[in-house]
Number of protein chains: 2
Amino acid sequence: MIDYRELHQFVTFHHVGTLSEAAERLHISQSTLTRSMQKIESEFGVPLFARTKNRIILNETGRLAAQEAELVLRQTEGMLHRVREFDRANRTITVGACTPVLLPDLVRRLSYAHPEATIATEIKKLPLLLEGLRAGTYQLVLFPTRPDDPEFFSQEFARENLLFCLPKKHRFAKRQQLSLSDMNGENMLLFQDIGFWYDLVSEKMPDSRFLLQTERYSFMELVENSVLPSFATDLASQSPPPKDRVTIPITDPEVQVVYYLVCKKDQRKTFLTMFP
Amino acid sequence: MIDYRELHQFVTFHHVGTLSEAAERLHISQSTLTRSMQKIESEFGVPLFARTKNRIILNETGRLAAQEAELVLRQTEGMLHRVREFDRANRTITVGACTPVLLPDLVRRLSYAHPEATIATEIKKLPLLLEGLRAGTYQLVLFPTRPDDPEFFSQEFARENLLFCLPKKHRFAKRQQLSLSDMNGENMLLFQDIGFWYDLVSEKMPDSRFLLQTERYSFMELVENSVLPSFATDLASQSPPPKDRVTIPITDPEVQVVYYLVCKKDQRKTFLTMFP
DNA sequence: ATGAATTACGGACCCCGTAACGATA
DNA sequence: TATCGTTACGGGGTCCGTAATTCAT
């Protein structure tokens, strides 16, 4: 019966050319390797080696056998890899979201309901989210509207209002409310990973420049110390506005967002029944 | 390390559905199979089975694994087969011949010169012989002319004259010689495995019918006891003409044949130098 | 109560490393 | 003489079958 370990030793020998070096590389003794090669040869049932008293090399058949063996070993590895990958995919819940804000809470709840699962999250543009959900890349999507695709089931998850966050010395700091167009032309601080909000505000404030900060800490530092306006949210999980700043409501209806959890209808029981 | 035997047991279990039946089919005990499946599962490192107290079935991952395993087993078998076939082809000399007459002698000489080799022979039509030699199907070809392909090397091996073998009461029995056309229209006895001669005589004697005998013994019987004419050859290895029959030379130059041994030029040393 | 899967136990066998040996460059 | 491959030997581990156990139909 063919033994994959011996096959592996055989391939290693083919690569290095001598038993002693192969033995060293494989961390086994020479004698073991000698016996393995004898066993391999008897398994194939045909001569694979040309031997002199202190030299052993592959003959033509042996070289073919080594190539074939390497192929089989790769296919064996491929089998293991595919099966493990299939299992991993089956026990991973991948969440696509339009904003990072709600993810910590969402992930915490998913982990609690599916303690055996791995939770993976991605922030993507809105069209990609529904595409991914359709294709199976995501099992669950956090979406800022209710998608009307009959293939999907959705359920309200949270509401969020966007606010301006202005330094107290800003010229609009005393206003009761502002529209996005009021602030058009102002340069704003923006945390990069803000998701779909970016598309909204850059559309409504085409003349503004947005200073993207990729690192959360730098962003916080800048908000604390610069005079540039930024955005805030009314979500409970968010920290209070930094001192020397005020938050001002935005009048545009678009900044009032209802987030929906979306999944395929056939997975409704798996995902959505556990949320209020 | 994945074990080939266990992989095979795993696939068998997948096919039959229960450990006990698989054990029976594999001629091993149930307990061995239980342990093998546990080992397989730990090798893959992911759950492959759904178990109840007295029932074990493959889960979805397990079914994938079984499919993949079956593939790997087939590939392993394929590897063994190809290597063995390569070896066999390397130690088999396949001879293509236009006639069976000289084969026993030829095979005897080849076996003597290459005692480690297996000698295989085939009788084929002339164009197929050269095709086969070119393609490597044959290493050696016995051909009734000298082929002019520069890829080949050829060497005279024997000469043969075809004779008529007539019952003494035949109307031509007293002739000194005959042409094929003289006998055109006569029905002849013919031993089937006569090779390229058949094409020659049926061309030159289009009005004759040839009574093919597939079995050598029947043919001999008929030659002894019927009044139908047949053919004979002047090759030394052939037995003398049966009594009540005479052999008469044929005048057509085509029935004087020189046989050549043909091989590829690069194999000249291997095959042709050992013949006179 | 029969049959299926698992676990415990004991023995046989196999596999490996050390060491000795033979041969070669 | 140093290196390489092969063979002998002994110990440890592994693998298998029998038998006992548990659970389900």
Side-chain angles (χ1 to χ4, degrees), chain A residues 1-63 65-66 69 72-73 76 80, chain B residues 1-63 65-66 69 72-73 76 80:
Chain A
M1 186 78 56
I2 280 284
D3 183 331
Y4 289 121
R5 179 161 18 91
E6 291 166 356
L7 226 47
H8 182 240
Q9 295 169 1
F10 180 58
V11 170
T12 302
F13 167 67
H14 175 226
H15 283 146
V16 306
T18 72
L19 288 188
S20 44
E21 191 179 341
E24 196 170 341
R25 186 167 303 196
L26 292 164
H27 306 294
I28 59 176
S29 70
Q30 282 191 31
S31 72
T32 299
L33 209 44
T34 293
R35 278 188 300 260
S36 288
M37 296 306 98
Q38 290 166 344
K39 275 193 59 187
I40 283 279
E41 199 171 22
S42 87
E43 283 298 339
F44 275 95
V46 300
L48 302 176
F49 303 96
R51 303 166 200 266
T52 65
K53 279 297 177 185
N54 72 340
R55 186 86 193 150
I56 177 171
I57 57 172
L58 292 173
N59 63 22
E60 203 181 349
T61 313
R63 289 192 292 276
V72 164
L73 290 181
T76 307
L80 290 174
Chain B
M1 182 79 54
I2 282 284
D3 185 314
Y4 179 88
R5 181 167 352 102
E6 290 167 357
L7 222 49
H8 183 240
Q9 295 167 359
F10 179 57
V11 170
T12 301
F13 167 67
H14 175 225
H15 284 146
V16 305
T18 72
L19 288 188
S20 44
E21 190 179 341
E24 196 170 341
R25 186 167 302 194
L26 292 164
H27 307 292
I28 59 177
S29 70
Q30 284 189 30
S31 72
T32 298
L33 210 44
T34 293
R35 277 188 298 261
S36 289
M37 296 306 98
Q38 290 166 343
K39 274 192 60 185
I40 283 278
E41 200 172 22
S42 87
E43 284 296 339
F44 275 95
V46 301
L48 302 176
F49 303 98
R51 304 164 200 266
T52 65
K53 278 296 177 185
N54 71 340
R55 188 83 193 154
I56 176 172
I57 58 172
L58 291 174
N59 62 22
E60 203 181 348
T61 313
R63 289 193 292 277
V72 164
L73 291 182
T76 306
L80 289 175

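Fair warning: this is a prediction, and the values are worked out from it, not measured in the lab.
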Does the pair A/R35 and A/T32 meet the rule for a side-chain contact (heavy atoms from CB on, under 4.5 Å), with working shown? CA-CA 5 Å; A/R35 278 188 300 260; A/T32 299; 3.8 Å; yes
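Checking the phosphate oxygens (OP1, OP2) of C/dA23, no side-chain nitrogen or oxygen of A/T52 falls inside 4.0 Å. Between A/T32 and C/dG17 there is a side-chain N or O to OP1 or OP2 distance below 4.0 Å.
Atom-to-atom, CZ of B/R5 to P of C/dC14 comes out at 10 Å; the value is rounded to the nearest Å. Atom CG of B/N54 and atom C1' of C/dA1 are 13 Å apart (whole Å). Atoms CG (B/L48) and P (C/dA5) sit 16 Å apart, rounded to a whole Å. What separates CE of B/M37 from P of C/dA4 is a distance of 17 Å, to the nearest Å. What separates NZ of A/K39 from P of C/dC14 is a distance of 9 Å, to the nearest Å. In this entry the distance linking CG of B/L19 with C1' of C/dG3 reads 13 Å, nearest Å. Rounded to whole angstrom, the span from the CG atom of B/D3 across to the C1' atom of C/dC14 amounts to 13 Å. Across the protein-nucleic acid pair, B/Q38 atom CD and C/dT6 atom C1' stand 7 Å apart, rounded to whole Å.
Contacts between chain B and DNA chain D, taken as any atom within less than 4.0 angstrom of a protein heavy atom, begin and end at D/dC15 to D/dA24.
Using a 4.0 Å heavy-atom cutoff across all strands shown, A/T34 reaches at least one base atom of the nucleic acid. When heavy atoms are screened at a 4.0 angstrom cut-off, A/T18 is found touching the sugar-phosphate backbone but no base atom. Residue-level contact check: A/R51 touches the backbone only, with heavy atoms under 4.0 Å from sugar-phosphate atoms and none from bases.
Heavy atoms of other residues, nucleotides or ligands lying less than 6.0 angstrom from CD of A/Q38 number more than 12.
Closest non-hydrogen pair, A/H14 versus A/R63, comes out as NE2-CG, 4.4 Å. The shortest non-hydrogen separation linking B/L33 to B/A22 is CD2-CB, 3.5 Å. Of all heavy-atom pairs spanning B/L48 and B/A65, the tightest one is CD2-CB, 3.9 Å.
Looking at A/R35, its side chain comes within 3.5 Å of the base of C/dG17 through a donor and an acceptor atom.
Ion pair A/E21/A/R25 flagged as a salt bridge, since at least one NZ, NE, NH1 or NH2 atom sits closer than 4.0 Å to an Asp/Glu carboxylate oxygen.
Relative ring orientation between B/F10 and B/F44 is described as tilted, the plane-to-plane angle lying within the 30° to 60° band.
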